[in-house]
Amino acid sequence: MDKQLFINGKMIKGEGNARILINPATGQELVTIYEATVEQVEMAIQAAKTAFSETDWKQDKEERAALLMKLAGKLEENLEELAKLETENTGKPIRESRLDIEDSAGCLKYYADLLRDQFSEMMEQWDGSASIVKNVPFGVTGLIVPWNFPLLLGIWKIAPALAAGNTVVFKPSELTPLSSIKLAELMGECGFPEGVFNLVLGDGKTAGETITASEDVQKISFTGGTDTGRLINEQCARSFKNVSLELGGKSPLIIFDDTDIDKAVEWAIFGAFFNQGEVCVASSRILVQEDIYSDFTEKLTEKTKKIKLGDPFSEETEMGPVISMDHLRKIESYVEKGKAEGAKLLTGGERTGKQGYYLTPVIFTDVTPDMEIVQEEIFGPFCVIQTFSSEEEAVEIANGTKYGLAAGILSKDVERAERVADQIDSGIIWINSYHTPFVNAPWGGFKQSGTGRELGPHGLAAYSQPKHLNTNAVMGELGWYKF
Ligand code: NAD
């Protein structure tokens, strides 16, 4: 169990920091993780480099597709164990962990299929030559993910990176490595060629920066906070790495007065509080049209108080603890800020349960656009209610933060909802629903929510670069110089 890194096809013990993981539902010790030293991270990068240059991984589409399918099957066979690890490590309700594992398997299958359809583009040129444009992999990719969906967000990167023919050095969050360790074991069982996939564990400073600084890594794909993303972008610029960034958000859910209020209340709760609100696209700003404000807010508060908060292993639980004591304190500090800024706390913000990091879901109203609780990503069970009178005002408020990840619009008038959607600066917009990621459609942000897209064909394109080959079957005379 202490062999937790996967380097060059073998599980090995980390020789760096020993970190004790804490179960967020109990506050008790879970297990000790032996993290990688800088030298071990470098070993992983070299293993990935060798696998890329010295095996036929990048050429052999069929092998890649078959192995991705095999891995999908392994995830399905081990669904309960993986879901249990995810719930133990993150505190998310077990029914949500199961969904994460199912979605991860679905994502692997999707890219296994998609890669079979990848064709080169051919062009007849004006001078009689032929051009062929191939999409080729970058080489070694460094994939770094956060703690809120440890396996799923990892697979969103690992599946397309491998499908495109790259090799991988993967680093999960130091808080949530458990499902990744199991994933590495399963990849070993599948028989991926040595060095094609490597797992390193550790924090951003040691493991993360070793990956982003390495000149042998050609591509970085990062999901995490906007400030970390900025730092990584700056670092990658030094070696001109290709970078994809999936960052934070402060996403609006716009509720028009023609909508069914009871249904809208449930979508708003789901949007804001699913996964304890620890979701990059959480609808942490709820924009309600003025004339339904009182009715809506009253029902939202009443229903929010009824969310079943508790043991994430109970099948009945609808919300678990937040990830850590540090994070709990951070969310609480925003509750205090909200009050100090003059907003009204309608409900929530109390610690609950005898143990673990449970916080009752927070709703603030009477906010102004400049307040920190309206502008900053809090990444917990915390939302603010804003009001609007017209379509124009809804758009202005919706676009009024530095972020542009997602948005939702609830209205019976779909034509109007689509008109509003056209004016919102966000990468993902749901009309009359929220949250569902579709594996075949792009996911990512505008503005400071990131660059690049995951999922769908865009997600595969992010892991390859075009290579143009221009061919003249017979060399002609040039005749440019007057020799
Ligand atoms: P984080 O930015 O602190 O850490 C994310 C990952 O980056 C971790 O693995 C961490 O160890 C690593 N890291 C930290 N500093 C690094 C450095 N200097 N170099 C390289 N790696 C480094 O984020 P977090 O607290 O784990 O997660 C929460 C954030 O993730 C939120 O802001 C959330 O919005 C964002 N997120 C975005 C999406 C999306 O798809 N846009 C999805 C989920 C989460």
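For ligands, and for the atoms within them, numbers begin at 1 and follow the listed sequence.
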- Just need the protein heavy atom nearest to atom 41 (N) of ligand 1, so name the residue and atom and give the distance. Leu247 O, 2.7 Å

- For atom 27 (O) of ligand 1, which candidate among Pro150, Gly142, Pro146 holds the nearest heavy atom? Pro146

- If you measure from each non-hydrogen atom of Ile232 to ligand 1, which part falls under 4.0 Å: side chain, backbone, both or neither? side chain

- Item | Crowding at CD, Gln355 (>12 non-hydrogen neighbours, <6.0 Å) | yes

- Check: Phe438 ring centre within less than 6.0 Å of Trp430 ring centre: no

- Any N or O of Trp147 that comes nearer than 3.5 Å to an N or O of ligand 1? yes

- Identify whether the distance between the nearest side-chain nitrogen and carboxylate oxygen of Glu454 and Lys157 falls below 4.0 Å. yes

- Message: Applying ring-ring contact (aromatic ring centres under 6.0 Å, His included) to His327 and Tyr357, what does each step give before you reach the verdict?
- Response: CA-CA 9 Å; His327 197 50; Tyr357 312 132; over 10 Å; no

- Between the candidates Thr223, Ile144, Leu405, Ile428, which shows the shortest non-hydrogen contact distance to atom 5 (C) of ligand 1? Thr223

- Task: May I ask you to say whether Glu315 pairs ionically with Arg98, meaning some side-chain N is under 4.0 Å from a carboxylate O?
- Result: yes

- May I ask which of Ala213, Cys280, Gly202 has a heavy atom nearer to atom 36 (N) of ligand 1 than the others do? Cys280

- Message: Can you check which of Gly427, Gly225, Gly204 brings a heavy atom nearest to atom 16 (C) of ligand 1?
- Response: Gly204

- Specify whether Phe170 and Phe197 have parallel, tilted or perpendicular ring planes, treating 30° as the upper limit for parallel and 60° as the lower limit for perpendicular. tilted

- Validate the cation-pi geometry between Lys49 and Phe52: distance from NZ or CZ to the six-membered ring centre under 6.0 Å, angle to the ring axis within 45°. no

- Query: Just by modelled atom types, is the Ala163 backbone N or O under 3.5 Å from a matching donor or acceptor in the Arg64 side chain?
  - Reply: yes

- Could you tell me whether Glu377 approaches ligand 1 through its side chain, its backbone, both or neither, with non-hydrogen atoms closer than 4.0 Å? side chain

- Message: Looking only at protein heavy atoms, which one is nearest to atom 35 (C) of ligand 1, and what is the separation?
- Response: Gly224 O, 3.1 Å

- Message: Below 3.5 Å, N or O to N or O, backbone or side chain included: is there any such pair between Glu209 and ligand 1?
- Response: yes

- Do me a favour and list the nearest non-hydrogen protein atom to atom 9 (O) of ligand 1 with residue, atom name and distance? Val145 O, 2.8 Å

- Task: For residues Phe382 and Phe364, establish whether the separation of their ring centroids is below 6.0 Å.
- Result: yes

- Quick one: does Gly445 get within less than 4.0 Å of ligand 1, heavy atoms only? no

- Item | Glu88/Lys84 salt bridge by N-O under 4.0 Å criterion | yes

- Item | Identity and distance of the protein heavy atom lying nearest atom 40 (O) of ligand 1 | Trp443 NE1, 3.2 Å

- Looking only at heavy atoms, is any part of Ile211 under 4.0 Å from ligand 1, and if so is it the side chain, the backbone, or both, or is it neither? neither

- Task: Indicate yes or no: does an N/O atom of Lys171 lie under 3.5 Å from an N/O atom of ligand 1?
- Result: yes

- Does Asn148, backbone or side chain, put an N or O under 3.5 Å from an N or O of ligand 1? no

- Query: Under 3.5 Å, is there a donor-acceptor pair between the side chain of Thr347 and the main chain of Thr301?
  - Reply: no

- Message: Regarding ligand 1, does Gly249 bring an N or O atom to under 3.5 Å of one of the ligand's N or O atoms?
- Response: no

- Tell me, with the steps shown, if Trp267 and Phe274 meet ring-ring contact (aromatic ring centres under 6.0 Å, His included). CA-CA 10 Å; Trp267 279 108; Phe274 175 71; over 10 Å; no

- Options Thr228, Asn275, Thr176, ranked by nearest heavy atom to atom 2 (O) of ligand 1, top entry: Thr228

- Query: Non-hydrogen atoms of Phe149 versus ligand 1: any pair closer than 4.0 Å?
  - Reply: no

- Note on the structure: Note: Pro172, heavy atoms under 4.0 Å from ligand 1, region reported as backbone

